[in-house]
Protein chains: 2
Amino acid sequence: MKRTNEGSGEQQLGANLLALRSHNTALVLDLLRTAGTEGISRLELAERTGLTPQAVSKITARLRADGLAAEAGHRASTGGKPRTVLRLVPEAGHAVGVHLDRDETRAVLVDLDGAVVARREAPLDLGAGAEAVLAGVAGLVGALRSEAAGGRPPLGVGVALPGPLDHRRGVLHRVTGFPEWDGFPLRDALADRLGVPVVVDKDTNAAALGLAVGGVGGSFAYLHLGTGLGAGLVIGGSVHRGPRTGAGEFGHQVVQLDGPPCGCGDRGCVEALCLGAVARGETEEAARVLGAGAANLVGLLDIDLVLLGGRTVEAEPEVFVRGVRGVLGARAERTGGVTVPVRLASGGTLGVASGAAQLVLAPVFGRGDA
Amino acid sequence: MKRTNEGSGEQQLGANLLALRSHNTALVLDLLRTAGTEGISRLELAERTGLTPQAVSKITARLRADGLAAEAGHRASTGGKPRTVLRLVPEAGHAVGVHLDRDETRAVLVDLDGAVVARREAPLDLGAGAEAVLAGVAGLVGALRSEAAGGRPPLGVGVALPGPLDHRRGVLHRVTGFPEWDGFPLRDALADRLGVPVVVDKDTNAAALGLAVGGVGGSFAYLHLGTGLGAGLVIGGSVHRGPRTGAGEFGHQVVQLDGPPCGCGDRGCVEALCLGAVARGETEEAARVLGAGAANLVGLLDIDLVLLGGRTVEAEPEVFVRGVRGVLGARAERTGGVTVPVRLASGGTLGVASGAAQLVLAPVFGRGDA
DNA sequence: CCCACTTTCGCAACGCTGTTGCCAAAGTGC
DNA sequence: GCACTTTGGCAACAGCGTTGCGAAAGTGGG
């Protein structure tokens, strides 16, 4: 029961009874969500949370009164009164996720379960200025909003985009090729315009959060290889962003001292080596380089799993998975440790957008940075 | 208010009133400890924790009744009743820290403040077998125990040693050169023998914890360059160990693909390159290599600070600090981000031992993985 | 079919948490 | 010397999870 305040200078906060209730409620909601359509009984909730059955009954009674949970049938009896199955009511709340890609905006409306209810796309031109971009996003959000049950406003809007940014303040930094966006307070500008809470994060973090919420447990790294190379790190179920939202700079990890120059000004970065090999058609070599970077990451953080995604990976998924798996397997053999599995990330083209929506929903389920 | 369970498969635990009290009490104790001899007033505690003054009064009253805190003078008045200053009573509890180095055992007795009250050393021979080593450690602990005020038993014993191990179970893995120690349940064996709780961890983690508790805030990496190269990572005030206590494998990070072979079986590891350069007398090159590894770490985790330690660093501290600082400075210049400071770690030869003692004390102050 | 048994789950009383309202204590400053 | 400010304890309180107990809803043997 400890607040995870990663930022330096942030104070550790005391907890009162309200915080206690939120915590336990979020825990129960998360278990309900994870159980999905199958549902989960009160006693199972009690076992999983460590709370007494009576406490769970009180919490779930509140959730049912609020319309967030409902009874859904019964389990088979084991000799006594059969357990009542509870499940989340997905349509009790919605969130919008927006993915600002290079030249396209993808927006999705998801329910509490994280299922995509509706989607919209529109072209994106960051050079057209803040006003035009904001209007475009607002238009997509408005269109999606009307599709939510009862037309109720969404709980919030999550926005994911590449460049470096400050997740806490929702301010952009150095958007590649568009210096006019430097320091733009995207979160506040959008929140003022839409009248709902807005959360901003890097695309890789959103994708990783989406995967974590989608069922990938423990600690893992999502490596995204597209026109660039970045990573989203999930440690103990929460996205690790670092104090300045700078974590996950995987691509400019140096794996070849004094190697070929990279666009960032350094030499021998994984991104340069990897994309260089891809350009030469040497996909296997690219996979090996990516594997070396992944092995460094595994050693430093002791993660459970590596997930690969991005357009370049999706072009030849087998080669990349096999290549990275090979490097990590050899490493495990040397160290005598466990072999870290490597898999292709699910999610497809909407992975980032639906992950962005989870930026809003995650705090409800106790997975946020509160 | 969320439990940080890094391990996969561990359940998120619900919180009851007892947990609430422990949490807030630990928070207050931590602030008292941080305030040191200067002390801190009730109202300051209330501001820092976010609790109401009355709640702080109740908590501190309990602490005073338990002998853990005491009143210590008054602040100057600002126009009304002057604030009463509270401080931790350091001698209210003690812990023992044991550092099993290659050929020497260093043990310290520290008080609640973390100050070293007494110390003992003895030669260490891991080849002499478990019984002999355990007897040696028990002898040191017994000697230190008699020095504690009133001869009361310590709160526990923290043991730090190099090799890979399982912090959760307190079991050793593959101690270099001594295969007979593989899988030895050091924690339980010692706890049975001493009759007090025992915590086991890697030396680098203990050192990092000691630094974190000693006042280094935020997220930082402690890089230890001695006969090997390892790292202790502190993220948001807590040591990051990973699910298998494998995190911090900094030395076998590859920074030179297909580079010179390393003892681990891989090629181009930082450790091999760095120590190779040191052996050739090229300290500046060693520092540059170390800096490259540190830069990779900074990029991946977005940490606030890099601390250097270990015998090899201490031989030429200026060269290493300057070299690593140079690489990180150049990186900050390229990315436009903040320059991550590089400093020499304080602590000296007892850094690991006193950090090991903090393995026991940290949970009391809410910094543990309890 | 009935009855004993098991299991689930809600109601009521309870202990304990932090919170609120109020007042005594202990200073400053005109 | 008196008005004022600030600190901090006492007492009453709301709300949390817990405990004790009983109703509800099944199974299974006679």
Side-chain angles (χ1 to χ4, degrees), chain A residues 1 3 12-29 31-32 39-66 69-87 366, chain B residues 1 3 12-29 31-32 39-66 69-87 366:
Chain A
M1 214 173 79
R3 256 178 202 264
Q12 297 275 328
L13 286 181
N16 54 19
L17 292 171
L18 217 78
L20 186 75
R21 181 171 72 173
S22 313
H23 173 79
N24 288 339
T25 303
L27 231 55
V28 169
L29 274 173
L31 288 173
L32 284 170
I40 185 170
S41 73
R42 289 178 181 79
L43 287 180
E44 282 177 84
L45 288 170
E47 281 170 30
R48 301 275 294 270
T49 58
L51 296 171
T52 60
Q54 186 58 32
V56 171
S57 276
K58 283 191 179 180
I59 292 167
T60 54
R62 273 202 305 267
L63 290 177
R64 285 192 297 152
D66 294 347
E71 299 196 340
H74 300 270
R75 290 229 192 294
S77 167
T78 61
K81 176 174 176 176
R83 303 184 172 185
T84 310
V85 173
L86 300 172
R87 62 166 185 78
Chain B
M1 217 175 80
R3 257 181 201 265
Q12 299 272 329
L13 287 181
N16 54 20
L17 290 173
L18 217 76
L20 185 76
R21 180 171 71 173
S22 314
H23 173 78
N24 288 339
T25 303
L27 231 54
V28 169
L29 275 174
L31 288 174
L32 284 171
I40 185 170
S41 73
R42 288 179 180 79
L43 287 180
E44 282 177 84
L45 288 170
E47 281 170 29
R48 300 276 295 268
T49 58
L51 297 171
T52 60
Q54 187 59 29
V56 171
S57 277
K58 284 190 179 180
I59 292 167
T60 54
R62 272 202 306 267
L63 291 177
R64 284 192 298 152
D66 293 348
E71 298 195 342
H74 301 270
R75 288 230 193 293
S77 167
T78 60
K81 176 173 177 175
R83 303 184 172 184
T84 311
V85 174
L86 300 172
R87 62 166 184 79

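In what follows, every chain begins at residue 1, and chains take the letters A, B, ... in the order their sequences are listed.
On the nucleic acid side, DNA chain D contacts chain B at distances under 4.0 Å to non-hydrogen atoms, with the end points of that region at D/dT5 to D/dT18.
Note: B/E47 CD to B/L31 CG = 11.5 Å, rounded to the nearest 0.5 Å. A distance of 5.0 Å separates CG of A/L29 from CG of A/L63, quoted to the nearest 0.5 Å. Taking OG1 from B/T78 and CZ from B/R83, the interatomic distance works out to 6.5 Å, rounded to the nearest 0.5 Å. Annotation: the span from A/L45 atom CG to A/S57 atom OG amounts to 9.5 Å, rounded to 0.5 Å. Once rounded to the nearest 0.5 Å, the distance linking NZ of A/K58 with CD of A/Q54 reads 6.5 Å. Summarising the geometry, atom CG belonging to B/L51 is positioned 14.5 Å from atom CZ belonging to B/R42; distances are rounded to the nearest 0.5 Å.
Taking each heavy atom of B/A69 and B/L32 in turn, the nearest pair found is CB-CD1, 4.0 Å. Taking all atoms of both residues into account, the shortest heavy-atom contact from B/R75 to B/G39 is NH2-O, 3.4 Å.
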Under 3.5 Å, which N/O atoms of the protein pair with N/O atoms of nucleotides 17-22 of chain C?
{"from": "C/dT17", "atom 1": "OP1", "to": "B/R21", "atom 2": "NE", "distance (Å)": "3.2"}
{"from": "C/dT17", "atom 1": "OP1", "to": "B/R21", "atom 2": "NH1", "distance (Å)": "2.6"}
{"from": "C/dG18", "atom 1": "OP1", "to": "B/N24", "atom 2": "ND2", "distance (Å)": "3.1"}
{"from": "C/dG18", "atom 1": "N7", "to": "B/K58", "atom 2": "NZ", "distance (Å)": "3.4"}
{"from": "C/dT19", "atom 1": "OP2", "to": "B/T52", "atom 2": "N", "distance (Å)": "3.1"}
{"from": "C/dT19", "atom 1": "OP2", "to": "B/T52", "atom 2": "OG1", "distance (Å)": "2.5"}
{"from": "C/dT19", "atom 1": "O4", "to": "B/K58", "atom 2": "NZ", "distance (Å)": "3.0"}

Output one line per pair: protein atom, nucleotide atom from nucleotides 3-6 of chain C, and distance, for all N/O pairs under 3.5 Å.
{"from": "C/dT6", "atom 1": "O2", "to": "A/G79", "atom 2": "O", "distance (Å)": "3.3"}

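Here C/dA25 presents its C1' atom at 13 Å from CD of B/E71, a figure rounded to the nearest Å.
Here the options are A/L86, A/I59, A/I40, the test is side-chain contact (heavy atoms from CB on, under 4.5 Å), and the partner is A/V28; only A/I59 passes.
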- Task: Evaluate the side chain to side chain contact (heavy atoms under 4.5 Å, CB included) criterion for residues A/L17 and B/L17: first the C-alpha distance (whole Å), next the side-chain angles of each, then the deciding distance (0.1 Å), finally the verdict.
- Result: CA-CA 8 Å; A/L17 292 171; B/L17 290 173; 3.5 Å; yes

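Annotation: of the two residues near DNA chain D, B/T60 and A/S77, the 5′-most nearest-nucleotide partner is B/T60.
Contact annotation: A/R42 side-chain N/O to C/dG10 OP1/OP2 distance is under 4.0 Å.
Residue-level contact check: A/T84 touches the backbone only, with heavy atoms under 4.0 Å from sugar-phosphate atoms and none from bases.
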